[in-house]
There are 2 protein chains.
Amino acid sequence: MPRTSSTRAPGGAVTLQQVATAAGVSLATASRVLHGSGGRKVAEALAERVTTAATELRYVAHAPAQSLARSRSTVVGVLVHDIADPYFAAIAAGAMDVAREYDLMVLVANTFRDPGLERDYLARLRAQRARAVLLAGSAFVGEPFAEEVAAFAESGGRVAAIGAHGTGIDTVEPDQYGGGRLIAEHLVGLGHREIGVITGPAGLATVAQRLAGFTSVVAAPRLVHADFTREGGRAATHELLGRHPEVTAVFALNDLMAAGALAALRELGRPVPEQVSVAGFDDLPVATDLTPALTTVRLQLADIGARAMRLLLDDEPGGRLVPAPAELVVRDSTGQASRLH
Amino acid sequence: MPRTSSTRAPGGAVTLQQVATAAGVSLATASRVLHGSGGRKVAEALAERVTTAATELRYVAHAPAQSLARSRSTVVGVLVHDIADPYFAAIAAGAMDVAREYDLMVLVANTFRDPGLERDYLARLRAQRARAVLLAGSAFVGEPFAEEVAAFAESGGRVAAIGAHGTGIDTVEPDQYGGGRLIAEHLVGLGHREIGVITGPAGLATVAQRLAGFTSVVAAPRLVHADFTREGGRAATHELLGRHPEVTAVFALNDLMAAGALAALRELGRPVPEQVSVAGFDDLPVATDLTPALTTVRLQLADIGARAMRLLLDDEPGGRLVPAPAELVVRDSTGQASRLH
DNA sequence: GTGGGGGTGGAAAGCGCTTTCCGCCTGCGA
DNA sequence: TCGCAGGCGGAAAGCGCTTTCCACCCCCAC
């Protein structure tokens, strides 16, 4: 029988006290050796006895107890709409990389764009005393949500957001507006005049900004709202082409919808880009694999997530705004406007 | 000035004591009202005073303190290779859904298939006293890792895995082997005899099993190892076709690699499926949007994640094995073997 | 030789919560 | 009228850790 039975609590984990006892030192000394916050020194010999005992017993500090005693936890939260959406997955991955640098663990919460869930998760992150929370994907910013954000900040946590989220909190602001403009200019440059836009829910800040950028160039595009997903894009495209067969270009407000748009156009027998051009937004990995390869706007999502996390974890005062560039990526799904109609 | 300044600690959060005082009751009573674990009743009037005070003050219980006192935490861990990989993102999303049902928060850790990182994260999950951990994507199962898993279990946490991970722990076992067979039978049925397989790292259990299923039907395929990514698939395909121009079908061990394979074949001017058939594995959402649409094996990833999480959280004894089916999805990327050569 | 100071280990007081007792009060039966 | 049981609120002892003190020891200076 291994040491387990003798030195380890029956059902539980090893405590610092057990390590201290095993090493023949006091609790305080053991703590200083293993987690000592500088300043205080412990004699070589003792220190070694302690570390030996700790590894022997496979000791790891009880994080909740540490959080309590130090009144600072080692977790950060990331709120995303849906981690299965590659947009958010990329952001989360970037953020998690940075969190690792800081030795923090990341709590991820899927909000499904449900304001209730968002508030709920934020409260629970506050309960965890998460050191910081990253609001990825600006949701429907509303009064009660803002209140919850304030409560979080007030109880000592930092908050940062990707995309506009109100004042006072650190923000990484992808240039959604500029990206919308880029697509508009690109399409107009190709001679398109009848352009349809298929968009996600109107309440989404991302949607609003991309659209605003676009309409700053193309005054009144044909608009169809739908889910911010592939299926939404497919349905919206059918509806758009049904209502406005004259459109020569479709701007999908994200790549997922664009994939749906391409599928719909294939179903309709409308060749892309010969008859209808299609553009997306985000430059997800899938964009190159679509047929034709998708013209889109590149956002450096992992980098955006990483920068937001850095904003959260450095010790600068809050309220900063870091712009993230949007870049036009021209591939094969857009071409000269057709002269057919 | 709102109540903030008067009733809330300067930099800190509201404590239960403050709520109790505000409600004019003892700490014990407040605790019983807000988190009382049944059994004990508190008079209506008092209870209401407490809940009122709590919402007034925006009180949320200090989770680390609760964990400490109850010696059970409210977080679970999910270890994935890379959350930006849609395969893992889907699994994680399914798992998170179930965690929400149980009112648990999910700590996600990206291990990048690095055994050191895996061990490290597992230790930290143990430190957090995570109630359970889901090992998604069986890594390189090694001695030290197994030891760390044992330590986790020993300290009271549950462990479940997706894919084989050794004995004694709950496992959801996607039918990787059967999926490999399905593809093999499908390709052979189409008349293919010269088949190439592009695979991920040999040490990955997933890879080994899929391949084993395949070779149980097709004895000695041409093999090329590469990264388990789109780029890996592209490179491997170039290499494969260079070395074995006679192959009439390529089996990519996941859809990401298949996407790369399609790209490579396009670059080589080899029409799919007329000259070369391509099959993948996973049925990621992207599979339908590839051109031609990808023949692949469907794994219900979200469901797999969800079931694994249920395994973790119900109170049944461990060591169960839940099979998850693999289903052939025939699309356009596979066809009759060409008679060209 | 004695006093003092620097350095190092240990005792103990929390951190915010849960939960076991304990004791009070009420109400009922004898 | 008194006793006792049942019910419910409160005091207090932890949960495992950090951190402030305090005490001690050794060494040096006077």
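First the proteins, then the strands, lettered A, B, ... as listed; each starts at 1.
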Looking at [options], which one has an atom nearest to any side-chain atom of [X]?
| X | options | answer |
| --- | --- | --- |
| L68(A) | dG9(C), dT18(C), dG16(D) | dG16(D) |
| A69(A) | dG16(C), dC15(C), dT20(C) | dC15(C) |
| Q66(A) | dC17(C), dC17(D), dG9(C) | dC17(D) |
| T29(B) | dT18(D), dT18(C), dG9(D) | dG9(D) |
| A28(B) | dG10(D), dC17(C), dG16(D) | dG10(D) |
| A65(B) | dA11(D), dG16(D), dC17(C) | dC17(C) |
| L27(B) | dC15(D), dC17(C), dC17(D) | dC17(C) |
| T15(A) | dA11(C), dG16(D), dG9(D) | dG16(D) |

Please state how far atom [atom1] in [X] lies from atom [atom2] in [N], giving the value in whole angstrom units.
| X | N | atom1 | atom2 | answer |
| --- | --- | --- | --- | --- |
| L34(A) | dC17(D) | CG | C1' | 12 Å |
| E44(A) | dG7(C) | CD | P | 17 Å |
| L16(A) | dA11(C) | CG | P | 14 Å |
| Q128(B) | dC17(D) | CD | P | 13 Å |
| R72(B) | dT19(C) | CZ | C1' | 15 Å |
| R32(B) | dC17(C) | CZ | C1' | 13 Å |
| Q17(A) | dC17(D) | CD | C1' | 11 Å |

Modelled atom types, side-chain donor and acceptor of T21(B) and Q17(B), under 3.5 Å: yes
Donor + acceptor pair across side chains of S73(B), Q66(B) (<3.5 Å): no
Base dG16(C) paired with R129(A) side chain (donor-acceptor, <3.5 Å): no
Residues Q128(B), S67(B); criterion side chain to side chain donor-acceptor pair (under 3.5 Å); working and verdict: CA-CA 9 Å; Q128(B) 297 287 342; S67(B) 299; over 6 Å; no
Presence of Y59(A) side-chain N/O under 4.0 Å of dG16(D) phosphate oxygens OP1/OP2: no
Phosphate OP1/OP2 of dT18(D) contacted by S31(A) side-chain N/O (<4.0 Å): yes
Considering all heavy atoms, the nearest V76(B)-A130(B) contact: CA-CB, 4.4 Å
E101(A), CD atom: more than 12 neighbouring heavy atoms under 6.0 Å: yes
